[in-house]
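Along the sequence shown, residues are numbered consecutively beginning with 1. Any value given below was found using the heavy atoms of this structure, including those in side chains, with hydrogens, waters and symmetry copies removed.
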Amino acid sequence: MEWTTLAGTGLGAVVGVGSTLLADRVRRRRETDERARRERRDAHVTCLTKYRPAYEDMHTAATAHRDGPAQREMAVRDAFRASGCDEVRETVLICAPEEMAAVIEDVYASLPELLEVFAAGDPPLGTQEFQERRLWHARAVWAARAAMRAEPARGT
């Protein structure tokens, strides 16, 4: 057997093994990136889905206790505490990219403001002033949803 044939076979084996290793590395990295994106997206969705019942529970508490300011305030604050918003917010802020953290913070910031409105009963529910504050929260939620939809396209 000639040495060139042996060298060609050896070189072919090295190239074949190298390309297989490279392809495996690229695939593994792609899978890891995709898993990380999915986990971030799940955290973002969990966050928004916690914020929604928090708003609804505070609204319900404020509506149920319209005549008793002290009971209303306590019920609204209890509803917010029980929502788990603070915990899920911290989880998202740890794993979210900076841009996403900012939009999540905007949504969160609207909740304590609404908490104060609900707790104080001022402005009264159903008034134009209340609707404007509620709309600020709704706009923040819509901005977060849009950012969440765009986030996987940006990659890691």
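Pro124 has its side chain out of reach of Glu129: every pair of non-hydrogen atoms, C-beta onward, lies at least 4.5 Å apart. The closest side-chain heavy-atom distance from Phe80 to Cys85 is below 4.5 Å.
Arg145 is linked by a side-chain hydrogen bond (donor to acceptor under 3.5 Å, both in side chains) to nothing, counting only residues two or more places apart in sequence or in another chain. Residues satisfying the salt bridge (charged side-chain N to carboxylate O under 4.0 Å, His left out) criterion with Arg72, sequence neighbours excluded, are absent altogether. Under the rule for a side-chain hydrogen bond (donor to acceptor under 3.5 Å, both in side chains), the partners of Gln131 that lie at least two apart in sequence or sit in another chain are Arg134. Take Ala64 and apply the side-chain contact (heavy atoms from CB on, under 4.5 Å) test, not counting sequence neighbours, and it matches no residue. Residues passing the side-chain hydrogen bond (donor to acceptor under 3.5 Å, both in side chains) test with His59: none are found, sequence neighbours excluded. Residues forming a side-chain hydrogen bond (donor to acceptor under 3.5 Å, both in side chains) with Asp42 (at least two apart in sequence, or on another chain): none. Every residue meeting the side-chain contact (heavy atoms from CB on, under 4.5 Å) condition with Glu34, not counting sequence neighbours, appears here in chain and number order: Arg37, Arg38. Under the ring pair (Phe, Tyr, Trp, His ring centres under 6.0 Å) criterion, His65 pairs with no residue, sequence neighbours left out. Under the side-chain contact (heavy atoms from CB on, under 4.5 Å) criterion, Val103 pairs with Met100, Ala144, Ala147, sequence neighbours left out.
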**OP:** Could you give me the CA-CA distance, side-chain angles and deciding distance for Glu31 and Arg35, then say whether salt bridge (Lys or Arg N to Asp or Glu O under 4.0 Å) is met?
**Re:** CA-CA 6 Å; Glu31 288 171 355; Arg35 185 174 43 253; 5.8 Å; no
**OP:** Apply side chain to side chain contact (heavy atoms under 4.5 Å, CB included) to the pair Val141 and His137, showing each step before the final yes or no.
**Re:** CA-CA 6 Å; Val141 169; His137 171 72; 3.8 Å; yes
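Residue Arg81 holds its CZ atom at 13.5 Å from CG of Asp57, rounded to the nearest 0.5 Å. In this structure, NE2 in His44 is found 12.5 Å from OG1 in Thr49, a value given to the nearest 0.5 Å. The distance from the SG atom of Cys95 to the CD atom of Glu39 is 8.5 Å, given to the nearest 0.5 Å. Note: Gln128 CD to Leu135 CG = 8.5 Å, rounded to the nearest 0.5 Å. Taken from OG in Ser110 to OH in Tyr51, the straight-line distance is 8.5 Å, to the nearest 0.5 Å. The distance from atom CG of Asp78 to atom CD of Glu73, rounded to the nearest 0.5 Å, is 10.5 Å.
Both Leu125 and Leu111 are members of a single hydrophobic cluster when ILVMFWY side chains are connected at heavy-atom separations under 4.5 Å. With hydrophobic clusters built from ILVMFWY side chains whose heavy atoms lie under 4.5 angstrom apart, Val45 does not share a cluster with Val107. Linking ILVMFWY side-chain heavy atoms closer than 4.5 Å, directly or via other members, places Ile104 and Trp136 in two distinct hydrophobic clusters.
Counting all heavy atoms, side chain and backbone alike, Val92 lies closest to Ala43 at CG2-O, 3.3 Å. Closest heavy-atom contact between Ala101 and Ala96: N-CB, 4.0 Å.
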Which donor-acceptor pairs under 3.5 Å do side chains of residues 10-24 form with protein atoms, sequence neighbours excluded?
{"unit_1": "Ser19", "atom_1": "OG", "unit_2": "Val15", "atom_2": "O", "d": "3.2"}
{"unit_1": "Ser19", "atom_1": "OG", "unit_2": "Gly16", "atom_2": "O", "d": "3.0"}
{"unit_1": "Thr20", "atom_1": "OG1", "unit_2": "Gly16", "atom_2": "O", "d": "2.9"}

Give the table of side-chain donor-acceptor pairs shorter than 3.5 Å for residues 112-123, with sequence neighbours excluded, one pair per line with atom names and distance.
{"unit_1": "Glu116", "atom_1": "OE1", "unit_2": "Arg77", "atom_2": "NH2", "d": "3.0"}
{"unit_1": "Glu116", "atom_1": "OE2", "unit_2": "Arg77", "atom_2": "NH1", "d": "3.2"}
{"unit_1": "Glu116", "atom_1": "OE2", "unit_2": "Arg77", "atom_2": "NH2", "d": "3.2"}

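Applying the side chain to side chain donor-acceptor pair (under 3.5 Å) test to every pair with at least one member in residues 89-98, sequence neighbours left out, gives these pairs: Arg89-Glu105.
A side-chain donor-acceptor contact under 3.5 Å links Glu2 and Thr4.
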